[in-house]
Amino acid sequence: MWLIRVHPAGLSLSIHGAEKRLQIHQRRSVASHPESRRLPVVRHSSLPPGRRSIKMEASSSGITNGKTKVFHPEGGVDLQGYQLDMQILPDGPKSDVDFSEILNAIQEMAKDVNILFDELEAVNSPCKDDDSLLHPGNLTSTSDDASRLEAGGETMPERNKSNGLYFRDGKCRIDYILVYRKSNPQTEKREVFERNIRAEGLHMEKESSLINSDIIFVKLHAPWEVLGRYAEQMNVRMPFRIDKQISSFRRWLPKKPMRLDKETLPDLEENDCYTAPFSQQRIHHFIIHNKDTFFNNATRSRIVHHILQRIKYEEGKNKIGLNRLLTNGSYEAAFPLHEGGYRSKNSIRTHGAENHRHLLYECWASWGVWYKYQPLDLVRRYFGEKIGLYFAWLGWYTGMLFPAAFIGLFVFLYGVITLDHCQVSKEVCQATDIIMCPVCDKYCPFMRLSDSCVYAKVTHLFDNGATVFFAVFMAVWATVFLEFWKRRRAVIAYDWDLIDWEEEEEEIRPQFEAKYSKKERMNPISGKPEPYQAFADKCSRLVVSASGIFFMICVVIAAVFGIVIYRVVTVSTFAAFKWALIRNNSQVATTGTAVCINFCIIMLLNVLYEKVALLLTNLEQPRTESEWENSFTLKMFLFQFVNLNSSTFYIAFFLGRFTGHPGAYLRLINRWRLEECHPSGCLIDLCMQMGIIMVLKQTWNNFMELGYPLIQNWWTRRKVRQEHGPERKISFPQWEKDYNLQPMNAYGLFDEYLEMILQFGFTTIFVAAFPLAPLLALLNNIIEIRLDAYKFVTQWRRPLASRAKDIGIWYGILEGIGILSVITNAFVIAITSDFIPRLVYAYKYGPCAGQGEAGQKCMVGYVNASLSVFRISDFENRSEPESDGSEFSGTPLKYCRYRDYRDPPHSLVPYGYTLQFWHVLAARLAFIIVFEHLVFCIKHLISYLIPDLPKDLRDRMRREKYLIQEMMYEAELERLQKERKERKKNGKAHHNEWP
């Protein structure tokens with residue numbers, strides 16, 4: 001029974017038959033309410049579960065006077081200066097007034113107050129999105145936004161319905177999306193799976209596609225109870241009671257212009273709070289301003305994915321998990337949603353970010369911020385720690401390239417500055433009377449040494465006195481880079497709560513279970529029976545896999561052998577070419593075309609290697625996904641590293657080393673004469689190889705990373721326009737937009753890491769031959785960061801936010817490349833360059849011999865001393881050139897010169913090695929040994945001197961541990977004191993105590 005009473009101060013509405021009475025007072029506020037920053041939420045505890053809640057609205061006339069309505073956390077509603085208070089009063093006497101009479105009375109006495117039973121429940125709905133870190137204009141409305149919505153007749157749930165991030169009711173935010181086709185035959189498995197999803201407490205809603213009715217989207221939402229339960233199971237760390245009061249690690253970073261403006265855009269970094277594993281029993285310890293936003297969107301999606309991985313879809317021990325349903329085709333796709341669009345009509349500076357995706361696009365993926373630091377906290381918050389660590393590593397690598405690029409550029413400029421003073425290049429350019437022997441059979445002519453003047457000068461740009469210093473510097477740089485990355489990773493791991501995080505016990509791969517399900521043994525960690533692979537079976541599979549790897553490496557060597565044959569055959573063809581430009585530069589033309597063909601072969605073999613690596617990895621039957629990933633990563637890196645660098649190793653260490661000498665050339669299959677180096681040396685060939693491969697590889701990778709997804713997404717949009725007509729503009733919900741984007745690579749971040757690791761190898765392994773490699777890598781990485789960011793934000797579906805403590809197996813590969821770079825650079829300086837022969841000549845055979853000097857004046861006569869004499873009549877018949885050389889002096893030539901240390905033809909042992917050859921060889925071997933030992937000692941000394949954890953980080957970790965213990969003790973004490981006061985208030989405090 002209902003009773004209504006009218007008071008001068010307001011209305012009193014009594015509900016009899018219930019335990020309590022709801023009284024609503026209307027009164028004029030003395031002072032205007034403070035402006036609220038959002039719509040607070042309140043659920044009235046007196047309403048029974050089946051009863052609808054009450055909504056208070058005021059019209060633009062009468063009570064409201066056109067002012068704004070604001071909800072207050074105390075339970076009242078402020079109507080433009082008037083406040084309606086809801087209070088619970090004791091039950092009063094009953095009355096016989098009927099419900100229709102009550103309604104009529106209310107309409108007559110309070111025409112401007114509408115009592116509805118909908119809104120109060122929605123006000124405190126745990127599904128309502130509210131992100132306090134975003135600016136006005138985003139999905140979270142401020143009070144001003146609310147007033148605009150109310151004035152336009154649009155409520156928050158109605159707005160949420162339209163943005164595609166919520167259920168149809170506009171309240172429950174979508175945490176995860178599953179996609180399947182109605183025509184798919186796996187209906188029964190899906191039904192069981194979805195029934196179990198509901199049993200876990202997840203909310204579910206289905207909706208068909210706007211462009212294809214066969215495609216069904218399953219929208220999932222996790223309520224607070226489910227999130228709290230699984231967050232505790234997963235040990236999700238959440239903000240604790242107080243903010244950290246310790247200085248930041250980023251003091252050394254310049255404030256401007258490279259740092260983003262965090263005052264204008266405060267959402268770029270997270271609040272620096274202490275965190276602890278979430279616990280429902282100690283929920284009062286955590287900073288919970290709003291339960292709806294306590295877990296951010298990435299964490300919510302990760303929790304839902306964790307649940308889906310543990311839900312059964314069929315009766316049976318192993319019939320469990322979303323991954324298996326994706327593998328067998330029951331579901332077509334599964335992904336979390338992006339947080340809306342990444343573009344806005346309004347400026348982010350004046351109106352704020354629409355959402356985190358928009359903020360990432362403007363402050364990270366846009367080309368206009370290429371010189372800014374990355375907002376790593378925001379990247380981690382949106383994409384998870386694993387992707388955040390990749391971009392942190394990439395940014396750190398790019399930053400560390402600056403000193404390497406500067407020193408490399410300095411070495412190059414030093415060569416430019418000292419070019420006019422270089423005695424060797426002067427002698428080459430002035431050697432018009434020195435005639436060199438032909439570099440190929442028959443068609444290659446004799447040539448003056450002065451014709452290679454340009455190549456001698458270019459060689460000096462890369463091979464000068466600063467080259468050795470740069471090689472040592474880069475070897476040390478690689479070690480410093482890795483050691484300081486460990487420190488940087490430790491800081492990131494601390495800031496992102498990864499220090500104490502341990503990966504969960506991984507699930508066994510379905511393929512492993514299917515193969516070895518008959519034989520089981522107890523898991524020593526979980527204590528449960530699991531499939532077991534016998535040692536003999538594992539060894540046999542590893543042997544077969546290793547044989548496959550060896551075979552593919554042989555395929556690479558065969559490809560290099562084919563390039564060598566091409567170079568040998570083509571140099572003669574170009575020497576007989578009609579065009580004088582090509583004929584006079586036959587060796588350069590041969591090298592350039594060979595490099596381009598080699599690049600095409602590299603790209604084709606990469607496709608083959610991926611399939612072979614996949615086959616061999618599956619043949620090994622790894623037990624878990626991480627074991628599979630590590631095995632596949634190692635194979636792919638080994639294949640691609642050998643494929644990319646095999647021809648470079650050939651040019652650096654074999655080209656021109658085993659050719660024999662005129663009159664006794666070594667030949668392939670007794671037919672093709674091996675290629676010789678250019679008269680100015682082999683280093684120019686190595687520079688061309690590295691420069692062309694590096695530029696083409698990076699250009700191709702950037703196109704495939706961004707251009708290919710752009711073309712695919714454009715083609716998808718084009719098909720939609722063709723199906724629905726170009727004039728019809730369809731507004732797709734967010735799940736449909738994301739579904740039409742490209743999924744992230746099946747191998748995760750593998751391609752991104754592999755590209756950068758191969759580049760790191762190019763930057764360090766042969767850097768002595770190409771000092772500009774770090775500069776090219778730096779320029780590429782500046783572009784690469786923004787390309788990858790643009791791809792993740794705009795072209796790919798949002799990947800699942802997953803956690804990781806470091807970059808995994810890639811760190812070990814980087815260390816291996818660092819060790820290999822020391823060895824290769826030692827050999828490049830000793831064997832490929834002319835550094836050692838010049839040093840030996842200066843100290844032993846030149847004008848300054850025995851004086852302990854090695855300046856440019858000591859190099860006089862070096863070119864003549866490095867060339868041997870050959871009698872033309874000693875040529876083999878198949879090597880004898882068509883020209884007799886009469887064009888140089890008017891008479892046939894009798895002698896020509898070639899690069900080597902051999903005796904003249906009239907000596908006791910014609911064309912035997914001279915003593916200078918043995919001195920140079922001994923000096924080369926000694927240099928390799930000394931260089932390697934010196935650099936390795938420096939590397940180990942640096943590794944020893946640089947601790948893995950910064951001292952201030954170690955102190956912060958200790959202090960945090962101490963403060964958390966203190967805070968937990970104080971919070972528990974405070975809770976106990978509150979409980980004791982409540983017992984005293986209720987008269988129960990001394991019930992069992994002594995008087």
Side-chain angles (χ1 to χ4, degrees), residues 175-178 220 222 227 230-231 233-238 270 275 277-278 295-311 321-327 331 333-339 356-357 360 374 376-394 489 492-510 622 624-630 632-633 738 741-754 788-789 791-793 796-811:
D175 294 323
Y176 210 79
I177 290 288
L178 303 177
L220 301 177
L227 290 172
Y230 278 95
Q233 291 181 16
M234 297 168 64
N235 287 323
V236 176
R237 298 183 70 91
M238 300 306 294
E270 291 186 339
T275 61
F278 181 75
F295 298 105
N296 61 35
N297 295 330
T299 304
R300 294 173 69 101
S301 299
R302 185 158 58 90
I303 291 173
V304 173
H305 180 79
H306 175 87
I307 296 171
L308 296 178
Q309 291 296 89
R310 286 153 180 80
I311 292 179
L322 176 62
N323 283 349
R324 289 178 172 85
L325 290 176
L326 290 170
T327 303
Y331 288 102
F335 53 89
L337 286 180
H338 279 294
E339 297 181 5
H356 283 157
R357 189 186 187 193
L360 279 171
Q374 300 182 84
L376 292 177
D377 287 336
L378 185 59
V379 175
R380 172 248 183 166
R381 194 186 319 157
Y382 194 84
F383 292 110
E385 287 80 2
K386 194 169 187 179
I387 293 175
L389 271 172
Y390 163 71
F391 281 103
W393 176 84
L394 181 57
R489 187 207 65 82
I492 292 174
Y494 172 78
D495 288 340
W496 292 356
D497 298 320
L498 299 172
I499 293 290
D500 299 324
W501 179 77
E502 295 292 339
E503 291 188 36
E504 299 175 0
E505 178 66 16
E506 286 192 87
E507 294 181 1
I508 298 174
R509 297 177 68 242
T624 62
E625 287 295 336
S626 63
E627 291 178 8
W628 187 96
E629 184 179 337
N630 289 341
F632 179 77
T633 297
D738 287 5
L741 295 177
Q742 298 303 306
M744 188 177 176
N745 191 294
Y747 308 125
L749 293 169
F750 171 79
D751 286 339
E752 279 70 25
Y753 273 118
L754 180 63
D788 283 349
K791 176 179 62 180
F792 271 93
V793 173
W796 279 2
R797 296 173 192 163
R798 185 176 183 177
L800 181 70
S802 54
R803 309 199 83 191
K805 292 183 70 171
D806 50 35
I807 61 175
I809 194 175
W810 296 108
Y811 185 84

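As the structure is a prediction and not an experimental result, all values here were calculated from the model. Throughout, residue positions are numbered sequentially from 1 according to the sequence presented.
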Could you go through Phe295 and Met238, starting from their C-alpha distance and side-chain angles, then the distance that decides it, and tell me whether this counts as side-chain contact (heavy atoms from CB on, under 4.5 Å)? CA-CA 8 Å; Phe295 298 105; Met238 300 306 294; 3.8 Å; yes

Pairwise distance [atom1]([X]) to [atom2]([Y]) - rounded to 0.5 angstrom:
X: Leu360; Y: Arg381; atom1: CG; atom2: CZ; answer: 9.0 Å
X: Leu389; Y: Trp810; atom1: CG; atom2: CH2; answer: 15.0 Å
X: Ile492; Y: Asp806; atom1: CD1; atom2: CG; answer: 11.5 Å
X: His356; Y: Leu378; atom1: NE2; atom2: CG; answer: 6.0 Å
X: Leu498; Y: Lys386; atom1: CG; atom2: NZ; answer: 12.5 Å
X: His305; Y: Leu220; atom1: NE2; atom2: CG; answer: 12.5 Å

Which pair of non-hydrogen atoms, one from [X] and one from [Y], has the smallest distance, and what is that distance?
X: Ala222; Y: Asp175; value: N-OD2, 2.8 Å
X: Arg797; Y: Pro743; value: NH1-CB, 3.9 Å
X: Pro336; Y: Asp738; value: O-OD2, 4.3 Å
X: Pro799; Y: Met744; value: CB-SD, 3.4 Å
X: Asn235; Y: Pro277; value: OD1-CB, 4.2 Å
X: Tyr753; Y: Ile807; value: OH-CG2, 3.3 Å

Could you walk me through whether Phe335 and Leu741 pass the side-chain contact (heavy atoms from CB on, under 4.5 Å) test, one step at a time? CA-CA 11 Å; Phe335 53 89; Leu741 295 177; over 6 Å; no

Using side-chain contact (heavy atoms from CB on, under 4.5 Å), reason through Leu308 and Tyr176 one step at a time and then give a plain yes or no. CA-CA 10 Å; Leu308 296 178; Tyr176 210 79; 3.6 Å; yes

Given Arg302 and His306, is the side-chain hydrogen bond (donor to acceptor under 3.5 Å, both in side chains) satisfied, shown in steps? CA-CA 6 Å; Arg302 185 158 58 90; His306 175 87; over 6 Å; no

Close aromatic pair by centroid cut-off 6.0 Å: Phe391 and Phe383: no

Full working for side-chain contact (heavy atoms from CB on, under 4.5 Å) between Asn297 and Glu339: CA-CA 9 Å; Asn297 295 330; Glu339 297 181 5; 2.8 Å; yes

Assess Arg357 against Tyr382: is NZ or CZ under 6.0 Å from the centre of the six-membered ring, and within 45 degrees of the ring's axis? no

With side chains defined as the heavy atoms from C-beta onward, is the minimum distance between Glu629 and Phe632 less than 4.5 Å? no

Any non-hydrogen side-chain atom of Leu178 less than 4.5 Å from a side-chain atom of Leu322? yes

What residue among Arg237, Arg380, Arg489 forms salt bridge (charged side-chain N to carboxylate O under 4.0 Å, His left out) with Glu385? Arg380

Worked check of side-chain hydrogen bond (donor to acceptor under 3.5 Å, both in side chains) between Asn296 and Thr299: CA-CA 5 Å; Asn296 61 35; Thr299 304; 2.8 Å; yes

Note: Lys791-Glu752 ion pair, threshold 4.0 Å (strictly below): yes

N/O donor-acceptor pair under 3.5 Å between Gln374 side chain and Ala392 backbone: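 Side chain of Gln374 to backbone of Ala392: no pair is present.
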
Name the orientation class of the two ring planes belonging to Trp796 and Phe792 (parallel below 30°, tilted from 30 to 60°, perpendicular beyond 60°). perpendicular

